[in-house]
Amino acid sequence: MPDLEPDEFRRQGHQLVDWVAQYRTSLPSLPVRPKVSPGSVKAQLPRELPEQPSQALGDDLIALLNDVVVPSSLHWQHPGFFGYFPANASLLSLLGDIASGGIGAQGMLWSTSPAGTEIEQVLLDGLADALGLGREFTFAGGGGGSLQDSASSASLAALLAALQRSNPDWREHGVDGTETVYVTAETHSSLAKAVRVAGLGARALRIVPFTQGTLSMSADALADMLAKDAAAGKRPVMVCPTVGTTGTGAIDPVRDVALAARAYEAWVHVDAAWAGVAALCPEFRWLLDGVNLVDSFCTDAHKWFYTAFDASFMWVRDARALPTALSITPEYLRNAATESGEVIDYRDWQVPLGRRMRALKIWSVVHGAGLEGLRESIRGHVAMANSLADRIESESGFALATPPSLALVCLYLVDREGRPDDAATKAAMEAVNAEGHSFLTHTSVNGHFAIRVAIGATTTLPDHIDTLWDSLRKAARQSGG
């Protein structure tokens with residue numbers, strides 16, 4: 001196959017790195033959301049694929065980026081991106097990603113990527129300590145961590161380990177229809193998908209009520225549901241408390257949930273995809289209260305840890321749990337290192353066989369920013385969220401839909417009686433998004449339309465919050481609020 005010679009790759013690579021640097025520099029001047037319609041991108045592309053190689057691939061690629069990709073993209077790295085949760089791709093992480101792609105290792109086994117495997121182990125042990133997870137989640141303490149592609153995959157892996165622990169015959173005979181899994185209405189949809197993928201069916205999913213006046217799981221209601229299900233012949237397999245739900249940033253009481261689950265030996269998996277990395281800051285370590293009692297814990301690197309997608313940290317208390325559930329060893333994967341029992345083969349810690357060397361981009365972020373640099377960035381985002389929440393509370397026509405959660409603020413417009421005005425709130429969000437300098441998404445809080453402001457982009461500054469707030473107030477005035 002025709003490929004670039006190293007010298008030509010160097011030339012075109014420099015050209016592309018220059019383009020990325022210029023794109024990042026230009027982001028504040030671009031509208032966050034593109035003006036596109038379904039099919040408009042396809043209409044700009046040739047339908048026939050080329051038979052012959054391009055003689056100017058670098059130029060062709062940059063033309064595609066400038067003419068098609070940038071005008072038709074939602075710009076997730078924009079400082080005015082406040083939708084969903086951040087998907088930060090810091091330039092620090094891109095350096096490690098380039099190196100990883102350049103090496104091109106397939107890290108399924110220790111023997112296929114000794115460096116990738118052991119760098120990952122060292123990083124995950126160090127970060128377990130930095131987050132305050134405890135020695136039991138390190139390899140030295142009998143547990144260990146891995147880099148999954150996403151929190152969704154981590155949830156599925158945890159569920160499969162839970163099924164195996166709950167029923168030693170699971171690998172041979174599969175599920176039997178008695179399994180139950182416990183979440184709340186705020187839990188991420190990936191848990192429902194994991195239940196479906198694992199073959200349990202929607203009937204296995206139990207929705208635990210909230211503690212009154214909150215959007216957090218009620219440990220008392222959980223204990224009651226567990227007891228009733230067990231008495232009815234069901235087998236509680238897994239409970240998933242969330243630290244920082246996607247909709248509102250709600251935080252489930254991990255300690256109380258874990259204690260309720262203990263009597264039934266149900267696996268407890270903590271989904272802290274967005275909020276978990278905030279525990280790098282000592283003042284936010286309370287987020288992980290009770291994590292010492294759980295079986296697995298996940299938080300994303302590709303959100304608030306500023307690492308280019310995809311990378312999600314997952315730790316388990318028992319290093320044998322995932323391999324026991326997931327290990328399958330055909331003859332072509334047998335090797336002396338694996339059979340020595342002295343190495344970790346990460347293919348046994350995830351659903352896919354193949355994996356790339358994600359550790360290098362984590363290494364680049366940790367060493368390029370330092371833990372203190374990461375902490376200061378998180379603190380800055382939380383401060384901006386608190387500032388916005390204060391303005392909302394002091395402005396007539398606005399109200400907080402929920403108390404602010406770290407760097408997430410949920411709000412709505414209200415009528416003269418202080419009741420949520422769904423139509424005005426939706427119109428305000430659409431008006432802000434149409435202006436182009438900020439991008440917002442929404443959720444539902446107690447049945448009402450609420451705007452989410454998720455602060456966390458690497459380049460977001462207080463000035464960008466000022467601009468957003470001015471636009472929200474302008475939209476409120478136009479709606480008559």
Side-chain angles (χ1 to χ4, degrees), residues 108-110 117-118 120-148 151 153-172 175 179-182 191 194 198 226 235-241 243 254-255 257-273 276 279 288-299 312-329 337-352 355:
M108 56 187 175
L109 304 168
W110 178 91
T117 299
E118 296 195 14
E120 186 166 333
Q121 288 180 262
V122 169
L123 281 170
L124 270 292
D125 272 4
L127 286 168
D129 180 64
L131 291 168
L133 290 182
R135 189 173 184 274
E136 59 269 31
F137 287 98
T138 67
F139 288 99
S146 64
L147 287 168
Q148 304 284 330
S153 291
S155 296
L156 177 58
L159 177 56
L160 299 177
L163 288 167
Q164 172 62 32
R165 189 176 76 178
S166 175
N167 177 13
D169 292 331
W170 169 77
R171 282 181 52 149
E172 184 68 24
V175 299
E179 300 87 355
T180 48
V181 175
Y182 301 82
L191 269 297
L226 288 166
R235 183 154 39 87
V237 169
M238 190 169 87
V239 182
C240 182
V243 174
V254 173
R255 179 176 298 278
V257 166
L259 290 173
R262 175 177 288 177
Y264 303 90
E265 299 183 346
W267 183 287
V268 180
H269 173 68
V270 175
D271 177 5
L288 305 190
D289 178 54
V291 166
N292 60 306
L293 303 175
V294 310
D295 298 284
S296 54
F297 175 86
C298 172
T299 188
S312 187
F313 303 116
M314 180 185 185
W315 286 272
V316 292
R317 171 188 296 279
D318 181 357
R320 301 165 298 178
L322 293 172
T324 298
L326 300 174
S327 179
I328 297 176
T329 307
T338 294
E339 295 185 10
S340 74
E342 297 178 359
V343 301
I344 293 295
D345 288 333
Y346 272 127
R347 54 105 189 205
D348 295 332
W349 289 57
Q350 61 181 33
V351 174
R355 67 196 321 265

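We're numbering straight along the sequence, starting at 1.
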### Ile344 CD1 to Leu124 CG distance, which is reported to the nearest 0.5 Å
11.0 Å

### Query
Would a 4.5 Å heavy-atom cut-off, applied to side chains only, mark Asp289 and Val254 as touching?
no

### Query
In Å, rounded to the nearest 0.5 Å, how long is the span from CG of Leu109 to CG of Asp348?
8.0 Å

### Query
Is any side-chain heavy atom of Phe297 less than 4.5 Å from a side-chain heavy atom of Met314?
no

### Task
For Thr324 and Arg320, indicate whether the former's side chain and the latter's backbone hold a donor-acceptor pair under 3.5 Å.
yes

### Task
Check step by step if side chain to side chain contact (heavy atoms under 4.5 Å, CB included) holds for Val316 and Trp349.
CA-CA 10 Å; Val316 292; Trp349 289 57; 3.6 Å; yes

### Query
Side-chain donor-acceptor pair under 3.5 Å between Arg171 and Ser327, yes or no?
no

### Query
If every non-hydrogen atom of Cys298 is compared with every non-hydrogen atom of Ala154, which pair is closest and at what distance?
SG-CB, 3.7 Å

### Query
Say you draw a straight line from CZ of Arg347 to CD1 of Ile328; how long is it, rounded to the nearest 0.5 Å?
8.5 Å

### Task
Compare all side-chain heavy atoms of Gln350 with those of Met108 and state whether any distance is below 4.5 angstrom.
no

### Message
Between Ser146 (side chain only) and Gln148 (backbone N and O only), is there a donor and an acceptor less than 3.5 Å apart?
### Response
no

### Task
To the nearest 0.5 Å, tell me how far Leu160 CG sits from Leu322 CG.
9.0 Å

### Message
Any heavy-atom pair between the side chains of Tyr182 and Pro236 that's under 4.5 Å?
### Response
yes

### Query
Checking side chain to side chain donor-acceptor pair (under 3.5 Å) for the pair Glu342/Trp110: CA distance, chi angles, key distance, verdict?
CA-CA 10 Å; Glu342 297 178 359; Trp110 178 91; over 6 Å; no

### Query
Taking all non-hydrogen atoms of both residues, which atom of Val239 and which atom of Ala261 are closest, and how far apart?
CG2-CB, 4.0 Å

### Message
For Val237 versus Ser166, what's the shortest heavy-atom pair and its separation?
### Response
CG2-OG, 3.9 Å

### Query
When you measure from the side chain of Ser340 to the backbone N and O of Ala337, does any donor-acceptor pair fall under 3.5 Å?
yes

Under 3.5 Å, which donor-acceptor pairs link side chains of residues 262-272 to any protein atom two or more places apart or in another chain?
| from | atom 1 | to | atom 2 | distance (Å) |
| --- | --- | --- | --- | --- |
| Trp267 | NE1 | Ser296 | OG | 2.8 |
| His269 | ND1 | Ser296 | OG | 2.7 |
| Asp271 | OD1 | Ala273 | N | 3.1 |

### Task
Of all the heavy-atom pairs spanning Leu147 and Arg355, show the shortest one and how long it is.
O-NH2, 2.7 Å

Please tabulate, for side-chain N and O atoms in residues 129-139, each donor-acceptor pair with protein atoms closer than 3.5 Å (sequence neighbours left out).
| from | atom 1 | to | atom 2 | distance (Å) |
| --- | --- | --- | --- | --- |
| Arg135 | NH2 | Ala140 | O | 3.3 |
| Thr138 | OG1 | Arg135 | O | 2.6 |
| Thr138 | OG1 | Gly141 | N | 3.1 |

### From CD (Glu179) to CG (Leu163), nearest 0.5 Å
6.0 Å

### Message
Testing the basics here: between Leu159 and Ala194, what is the closest heavy-atom pair and its distance to 0.1 Å?
### Response
CD2-O, 3.5 Å

### Query
If you take all heavy atoms of Ala279 and Leu288, which pair is closest and at what distance?
CB-CD1, 3.5 Å

